[in-house]
Structure formats: C-alpha cells, structure tokens
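Shown next, in structure tokens, is the structure this report addresses.
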Amino acid sequence: MTQETRKPQDVPEANGWHRQTNVLHADTHIPAGFSAMPAPVARASTVVFPDLAAMRALDWKNDSQWRYGLHATPTSMELMQRLAAIEGGRHCLLFPSGLAAIANVYFALVKSGDDVLIPDNAYSPNRDHGDWLKEDFGVSVRYYDPLVGAGIADLIQPNTKLIWIEAPGSVTMEVPDVPAIAKVARDRGIPTAIDNTYSAGLAFAPFHHGVDISVQALTKYQSGGSDVLMGAVTTVDDDLHHHLKRARMRMGWGVSADDCSLLLRSLPSLKLRFEAHDRSALALATWLKHRPEITAVLHPAFADCPGNAFFKRDFTGAGGLFSVVFDGRFPGAQIDAFVEGLRLFKIGFSWGGAHSLAVPYKVPLMRTVTSWPHKGGLVRFYVGLEDVRDLQADIEASLKAHLVG
Ligand SMILES: *Cc1c(COP(=O)(O)O)cnc(C)c1O
C-alpha cells in the first residue's frame, strides 16, 4: 500500500497500535477524582491478572481476591457485604433465585444416606426439593410440626445433617421457637438453615438466635420492584461459608452485575418500604377480623396466631403478608370469585414489590404431618404500597359482590 491510499485506520497511532486495538484496550478504570453515591456496575466474565504469579496464587477460599466474574465482581461483592451487614452475618453468597439458594444449601450439606428435617409449613418449592432428594437421591427427608420447639430433639437421628426453619411459614403464619430449635441442633452439631425471606433480614436476626445459615429470596422486598430474581445465603462461620461457596462454584450459580446494581438501588429504601407494608397490612388485617365472612385472620402479630409469643419476643415487625380463612359455608368457587373480583390486588406469586397481591391456597394439600384446624378456604394477601383506604374498599366491594349467603 502506498502512503496516499492508506486510510487512518491503517496508520498506527501514537502508541504504535492501530485504531481498532486502541478502541479495545481503552483504560476501563473509573478515573480518579470521580465520586458518586451509586455502586458502579462492574460487568465481567474474565477477570485479568497482573501476572501469572498472581493467577497462580489464587485461593478459592479467599474472598478478597478477584478470580472470575461468576464468583464475584466489585458490584456483587458490594451487595453481598451490605446484605451480610443487614442480618449481622459475616459472609454472603448470591444465587440466581431464592430457590437456587435453597438448593445450594442442600448440595453443600447433604449426601445420600443423610437425613434432613423440614417444617411442615415450609415454602412449597423447598418441600418439593426435599421430596426430590428423597425420591431420586437416597436422602431421608422428614417433615416436622413448626411449633415443635425443643421437642425437635426427639426427631433427630444420628444421620440428621440439616434442619430447616422458616419463621413464620409464609402462607399459614405459624411462628416457631427459633432459639429453642437452634439450641438443640447446635448442641448436637447439626447445622440449621432458616428461610428468612419473610423478615427481609430486617425484622428477625437469625444469627443472634443461634441459627447457622440464613437464606433469603432477594426477589421479594430487597428487589422491591417485582423485576429481579435473586437469592442469598448468609453465614457467620468461616468453614460453613467455604462449604457453601464450594458448592456454589461447583454448581456454576452466578448473578449479573446489572441485577446486583438494581438491588443496590433498592436497598436504601428497604426498611422504609418494609415498615409501610407492615402498617398497611396490620390495618387491613385488623379490619378483616371483624368481617362476618371471615373466621380467622392469620397474622403473626395477633394473639391468636400460633407462635405469637415467639413473634413478640424475637421479631421487630411483620411486613406485608397475612392470610384469612373464610367461613366454611363459602365454597371454593365463591372464594375464587372474590379473589378474581379484586381490582387492586392482582393474582400472582411472589411478593415484596409495590403492588398488592392475593392468592387462594389449599392448605391441607400442602402439609403431611400436622392437621389443619380450619374448614374454610384460605386467601393470602400481600399488601403493597397503594393507599390503604383504596385497598380496604377493594376488598369490601368484592366481599359484598361474591361472598353472599
Ligand atoms: C419466593 C420465596 C422463595 C424463593 O424465591 P425465588 O427467588 O422466587 O426462587 C423462597 N422462600 C420463600 C419463603 C419465598 O417466599
């Protein structure tokens, strides 16, 4: 090529490289002197090492080393540290969903021949995971009365390797005596894992009460936008953290920096949102207690909720969830019509976002070792951030329209 026909792209630039190479190798660091409140979004699969010695010195247990985007980036690390701080933990791991976080606890701690105890009112997909391990992987899985307390001692076998706790059950709201269960387990060297999603990690401090592992669906209140799926596993103990971290690496679970940054954006308002949900839910639940169509309002803050004494002792708030049981004279179809007749309460799973939700559940089909005392159908409400007067009017209108007789 002669000098005259060479295009600018073909002429080496001042540093000796061509334009295309310089575009790729631009300095990707945040310039010194720039400072802002939001955590920067660090997207990465490859993490680059300054030299081979640094690469070879990697130790998978060392959380302060950057190794591979799947394991951590500065954005996910920032989120992990803030989540651990909220619950009073020391380590946190992120997962692509709350259920993936639950699955990881099983993979880390349980092998064939082991035994697991799960509360009878546990989040249904956790139960289903337990059933799967039992059917296909040679794990013994047994369900227990969530109100068993220290009586859990009688259920423990030599091969029991994990005890799940959920406080409260997110449909039927029984509140377990967490410290009593945790103490029995700790005395026998069996790790306990709590599904702490209900409390958003704010209203219940699992490690203070002797629990070893806290699992949360960040999909709920931490996201707050009904738009991000993510889960967390938080711990205090180093060895336990390494066990869980190893399982996570082996399973290949990862989260995106973009999703982490959405959660980091929502976290500052987590407490205020939780308290607003709590206030509105309590107001609606109190009003519903006096409705003639309803025989029971299941809210942990109410004296007649099983485990209310533990709730008062251990929790600082309740958030937006509660359930009602309708009078047995109303057939399921009429309760379905009530739910479909709501305009502000949408029909859908999950919760923690701004919008109110309502879902009917068939509780007797969801448990196997405890009996359900109620005859009528159950509807769980999630109370969002709408004006509570409109939510009350919405429920009242649908009750009047559909629950006659
Ligand atoms: C939603 C939920 C989960 C699972 O979260 P996903 O992110 O939807 O997988 C786990 N436990 C409880 C109590 C939940 O409500």
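Ligands are counted one by one from 1 in listed order, and the atoms in each one are counted from 1 as well.
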If the threshold is 4.0 Å, N to carboxylate O, is there a salt bridge linking D327 and R329?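 Yes, charged N to carboxylate O under 4.0 Å.
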Salt-bridge contact D10-K7 (side-chain N to carboxylate O under 4.0 Å):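 Here D10 does not pair with K7 in a salt bridge, since their nearest N and O are not under 4.0 Å apart.
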Would you mind writing out a table of all protein N or O atoms found under 3.5 Å from any N or O atom of ligand 1, naming both atoms and giving the distance to 0.1 Å?
unit_1   : atom_1 : unit_2 : atom_2 : d
ligand 1 : 7 (O)  : G98    : N      : 2.7
ligand 1 : 7 (O)  : T219   : OG1    : 2.5
ligand 1 : 9 (O)  : G98    : N      : 3.2
ligand 1 : 9 (O)  : L99    : N      : 2.9
ligand 1 : 11 (N) : D195   : OD2    : 2.6
ligand 1 : 15 (O) : K220   : NZ     : 2.5

Can you confirm if the aromatic rings of H209 and F204 lie within a centre distance of less than 6.0 Å?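 That pair passes the under 6.0 Å test.
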Check side chain to side chain contact (heavy atoms under 4.5 Å, CB included) between M251 and all other residues, then give those that pass, not counting sequence neighbours.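 Residues passing side chain to side chain contact (heavy atoms under 4.5 Å, CB included) with M251: N104, F107, W253.
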Please report the shortest heavy-atom distance between V47 and F49, naming the atom on each side.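 Heavy-atom minimum between the residues: O-CE1, 3.7 Å.
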If only side-chain N and O atoms count, and only distance matters, is there a donor-acceptor pair under 3.5 Å linking D314 with H208?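 H208 vs D314: no donor-acceptor pair found between side chains.
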